[in-house]
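These notes concern the structure reproduced below.
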Amino acid sequence: MSAKANHEIDPFDPPLVEGGHSFGEITEKVCSVVEKKPGKEPIYWWLLLPIGFTGVGALHIFLGWLFWEGTGTWGLQNQAYWGWAIVNFVFWVGIGHAGTLISAILYLFRQNWRTGINRFAEAMTIFAVCCAAIFPGVHIGRPWLPYWLLPLPNQMGMWPNFRSPLLWDVFAVSTYFTVSCLFWYVGLIPDLATVRDRAKNKIRRYAYTALSMGWRGGNRQWQHYEKAYCILAGVATPLVLSVHTIVSFDFAVSIVPGWHTTIFPPYFVAGAVFSGFAMVLTLSIPARHMYHMQDLITMRHLENMAKILLLTGMLVGYAYGCEFFIAWYSGVLYEQAIFILRASGPYAWAYWTMVACNVLSPQIFWFKKARRNEFVLFTVSIFVNIGMWFERFVITITSLSNDYMPSSWEYYSPTLIDIGTFIASFGVFIFLFLLFLRFLPMIAIAEVKAIMPEADPHHHAGHGKDDH
Amino acid sequence: MKWQKDTFRIEGAEGASTKFYIVGAIGLFLTALGINANQEVAMHSYLTSFMFWMTIAFGALFFTLVHHLVNAKWSVLFRRIAEQLISVFPIMAILFLPILYTVLSNNDVALYEWAMTEEKMETLDLTKQHLLHAKHIYLNGLFFSVRFLLYFFVWSVLAYLLRKKSFQQDEKHTNELFGSLKNLSGPGMVLFALTVTFASFDWLMTLNPYWFSTIFGVYIFAGSVVALMTFLTVLVTILKNNDVLKDEVTAEHYHDFGKLTFAFCVFWTFIAFSQFLLIWYGNLAEETIFYKVRWDYHNWKGISLLLVFGHFLVPLILLMSRLGKRNVKFLTCMAVWLLFIHYVDLKWLVFPTVSTGEAIANTHQFILKGETVMIDMPAPFAFHWTDLTSLVGIGGIFLGTFWKNFVSQPIVPVNDPYLEKSIHFHNINL
């Protein structure tokens, strides 16, 4: 019997799996996507694939040109020595935050609704971090010496500058990437074993056998697995905070007006979660239709994400306000000048785009109707993606191009190479994400089953009222 | 004290609130004598104690709002405690009046340097004068009073509505009523964030009117949640020892108290460290002054280190394990320790503006906006008898009000649909 028949639906806590599916149906629903014959993918998949692939190709061309010609091909100037590269880096790293927040922090808070979306949020995280790594990686001036970033002992006895937050970034992002991959993979193992067990042809069986590392689903294995998952969640939680904290240090430790402010670390973390969730919405709304997953990624999931957007959007709004107020209150002329310039100077259009997208647009989520309307959700998520890119643009460019000496001010404009590289990085992201959808179970099958009422040891098929 | 298990009421304990009030009145009277004797030290004690109890109330307001917003279930048993704690806002507004009085009477010695008269301001360094003039539009008695009224108005109205609806739910639960609590909590949270931030700026950050930090409001918020969770732990243990909620509250609930205490101790550290590292690394004199006075003079270095150990490392290590969080005695001891440390944290924020009293010999040069100015050297960190009297005085009134309301109603929301879930709540055991 389905759960629905036994339990009255609590309007404040509706079920997370709709449609009265059995365990078997859920396995079938998720695995069948992976098991389709080549060529049987949904039409949208085929429409998006060339876009992603073109992006990957274009990225090679743009980066090739960059390596050949040097960073002069970018719109960098005397003051704005950090242009789109850092903006794009922070943008992508920020997007990479939702995955680990959902998988680690929401896991520790026992937020069961995470199970519907955690798998592809984590995948998204990893791909976003890959995209992020491109930009500082190609910006180091001598791209054939990237290993100098690492504290490797060498004959020259050189060490990187341990006091620079840019080096902390190397450690923070690589640690984050490693732990995110581990976490994602550990979560995948039981589902990979399911795909293995259902495999009908040899290649598939061998591949998924290797990937599932001998998982048999025994009692002992599950016990160890759950422990490992919990410990990994504990390890990953501080990472969610630390990565963007250190990214914020890139700016805030310097005494550039507009950058040096103590609220930067929590403000950046909130912004990262904000942009990450926006991207999860941008991806999950089409994906649930493309693969008919509306029963597993329900309106409730989308509504919860909308609430998180509202919360984190207001947190960044709080930070904008605090910065403005304290810039005035501090009595420091340069701080005041930079904030007035942001709001009314040459980049005012970018500043107000940022405010409108990040602070104003999520306000519509005060209304339940908007939170449950996919069109509104998708539109706002796009706005937020745009707004969060502009936030990093405003921070980076306004403070750099308007420095202490007005005679050296110059309006920053990107070149076609800047724009092209950024757009191409989206191609990489889309391409990797499409491959993920095709080859790995996009929803954590085992975890979704665990939150269904039937999985509760106290669940009695016939005695619906006895529920605790 | 008699525990009525079936109605969730405490009977025959109304007298305790009178005792709290009497003790509080004595404490306040003694503090008044202290203010008469040494207004600077005694008023700083008073502000510290006031903030100590206020932060518990801030934490309780946050707890109530967040409980409704996330549709929490485990914490239903403690919702009423938090709701009764926030009933103290109106009386706390009255207890704020001495602080307001120092501002309105242009008494710059007692607490806020910026409250000085125009004539006196002219004796300051030019840089300081310039800054105080520039900030005068915000830092003046009238606007300060208006903001004070606004904060307490917002908190009191929020508390009134949250409590009223909650008591209505005790009579009859309806989904509309339950939903309206949640609808109120959304905007309530926004108002909470704004008012607590600006109250922290007004009452604590402006003690040194030349210093500023954008994260300051978040710092006070983080400490407030630690204060509430630890206060709740101690209170629930006392209640349990008197047979109240003895069967209902189990190690599972303590486990969650412990988790939240742990989480917010670490969050406090995150905020404190962010502020410290950015100021230290930037090394701008107008910002580093905050840490300089809390490090270079007298015994302040020890107190700063005490916070690092007591507010971070000790809870980090001791509360990390499951064992520590589920042991009632141990967790209660930790809670008492953390309440003490929270008090030290507030005193660490407030007391460096107490000067040694020997102004000439004890001023140090300091750079502000590129100009050399003189700063008063802080007096050593020490506990004064007014610390105790003001803590007991304000605490007596705070607890008396809380207790009077607490015993007048069932001590849990008896008709909350999740009450059973809260009582039988279990943590996942891996």
Side-chain angles (χ1 to χ4, degrees), chain A residues 10-13 108-111 163 165 223-224 226-231 234 237-238 241-242 245 248-249 252-256 259-267 269 304 307 310-311 314-315 317-319 321-333 335-336 366 368 458 467-468, chain B residues 69-71 73-74 130-132 134-135 138-139 175 178-179 182 186-187 189-190 193-194 197-198 201 205-206 210-219 259 263 266-267 270-271 273-284 286-287 320 369 417-418 420-421 423-428 430:
Chain A
D10 176 351
F12 300 102
D13 194 6
L108 292 181
F109 279 129
R110 313 288 176 219
Q111 294 296 304
R163 283 176 292 184
Q223 208 182 353
H224 291 155
E226 291 283 356
K227 268 225 165 87
Y229 201 82
C230 187
I231 290 169
T237 297
L241 296 173
S242 72
T245 296
S248 81
F249 287 169
V253 297
S254 58
I255 49 176
V256 176
W259 287 8
H260 181 66
T261 171
T262 49
I263 207 168
F264 254 40
Y267 155 39
V269 172
N304 281 356
K307 285 178 185 169
L310 179 62
L311 169 74
M314 281 193 293
L315 285 179
Y318 171 91
C322 245
E323 278 186 328
F324 235 102
F325 173 73
I326 295 287
W328 171 78
Y329 175 84
S330 70
V332 179
L333 193 66
E335 288 285 341
Q336 293 170 349
W366 283 105
K368 198 183 179 87
H458 299 280
D467 117 353
H468 59 256
Chain B
L69 280 177
V70 303
N71 202 32
K73 300 183 180 89
W74 75 273
H130 170 77
L131 273 172
L132 288 184
K135 296 180 185 195
Y138 187 76
L139 296 181
N175 280 344
F178 203 44
K182 295 173 197 307
M189 192 59 103
V190 178
L194 290 175
T197 302
F198 279 94
F201 288 167
M205 198 172 85
T206 67
Y210 314 109
W211 182 77
F212 51 88
S213 170
T214 38
I215 209 171
F216 197 81
V218 189
Y219 182 87
K259 284 189 232 173
V266 177
F267 181 68
F270 169 55
I271 300 301
F273 176 73
S274 298
Q275 177 173 281
F276 171 74
L277 184 101
L278 293 177
I279 287 178
W280 170 79
Y281 203 120
N283 201 16
L284 295 169
E286 53 254 65
E287 293 175 6
M320 196 180 284
K369 301 192 78 179
Y418 302 130
E420 274 299 305
K421 274 195 172 149
I423 293 173
H424 298 294
F425 161 74
H426 279 283
N427 283 288
I428 294 171
L430 294 176

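Labels below follow one simple rule: chain letters A, B, ... track the order of the sequence lines, proteins then strands, and each chain is numbered from 1.
- The main-chain N or O of B/Ile215 is found under 3.5 Å from a side-chain atom of A/Thr262 such that the two form a donor-acceptor pair.
- How far NZ of A/Lys307 is from CG of B/Leu69: 8.5 Å, rounded to the nearest 0.5 Å.
- To the nearest 0.5 Å, atoms OH (B/Tyr281) and NE2 (A/His260) are separated by 12.0 Å.
- Looking only at side-chain heavy atoms (C-beta outward), B/Val70 and A/Gln111 stay at 4.5 Å or farther from each other.
- A donor-acceptor contact closer than 3.5 angstrom links the side chains of B/Thr197 and A/Tyr318.
- In this structure, chain B has no heavy atom under 4.5 Å from any part of A/Val256.
- Ring geometry, A/Phe325 versus B/Phe201: the interplanar angle falls under 30°, so the pair is classed parallel (tilted spans 30 to 60°).
- For chain A, the nearby part of B/Asn71 is the side chain; its heavy atoms alone come within less than 4.5 Å.
- For B/Phe267, no part lies near chain A; criterion is any non-hydrogen pair under 4.5 Å.
- Note that NZ of B/Lys259 is 9.5 Å distant from CZ of A/Phe109, once rounded to the nearest 0.5 Å.
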- prompt: side-chain contact (heavy atoms from CB on, under 4.5 Å) between A/Tyr329 and B/Thr214: does it pass, once the steps are laid out?
  reply: CA-CA 10 Å; A/Tyr329 175 84; B/Thr214 38; over 6 Å; no
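- Interface residue B/Pro187: backbone and side-chain heavy atoms are both found under 4.5 Å from chain A.
- Heavy atoms of B/Phe270 lying under 4.5 Å from chain A belong exclusively to its side chain.
- Interface remark: of the candidates A/Phe249, A/Phe264, A/Tyr267, A/Phe249 forms the most heavy-atom pairs closer than 4.5 Å to chain B.
- For chain A, the option among B/Asn175, B/Leu194, B/Ile279 with the highest count of heavy-atom pairs below 4.5 Å is B/Asn175.
- Per-residue heavy-atom pair counts under 4.5 Å with chain B were compared for A/Ile255, A/Ile326, A/Thr245, A/Val253, and the maximum is reached by A/Val253.
- Contact of B/Val190 with chain A is made through the side chain alone, with heavy-atom distances under 4.5 Å.
- The CD atom of B/Glu287 sits 8.5 Å away from atom OG of A/Ser330, with the distance rounded to the nearest 0.5 Å.
- Contact between B/Leu278 and A/Pro265 at its shortest, heavy atoms only, is CD1-CD, 3.7 Å.
- When heavy atoms are compared at a cutoff of 4.5 Å, B/Tyr219 does not approach chain A at all.
- Contact of A/Asn304 with chain B is not made at all, since no heavy-atom distance falls under 4.5 Å.
- Heavy atoms of B/Ile271 lying under 4.5 Å from chain A belong exclusively to its side chain.
- Interface remark: B/Trp280 contributes no atoms to any contact with chain A (heavy atom separation under 4.5 Å).
- The structure places CZ of B/Phe216 at 12.0 Å from SG of A/Cys322, a figure rounded to the nearest 0.5 Å.
- When each of B/Phe273, B/Phe276, B/Phe198 is checked for heavy-atom pairs under 4.5 Å with chain A, B/Phe198 comes out on top.
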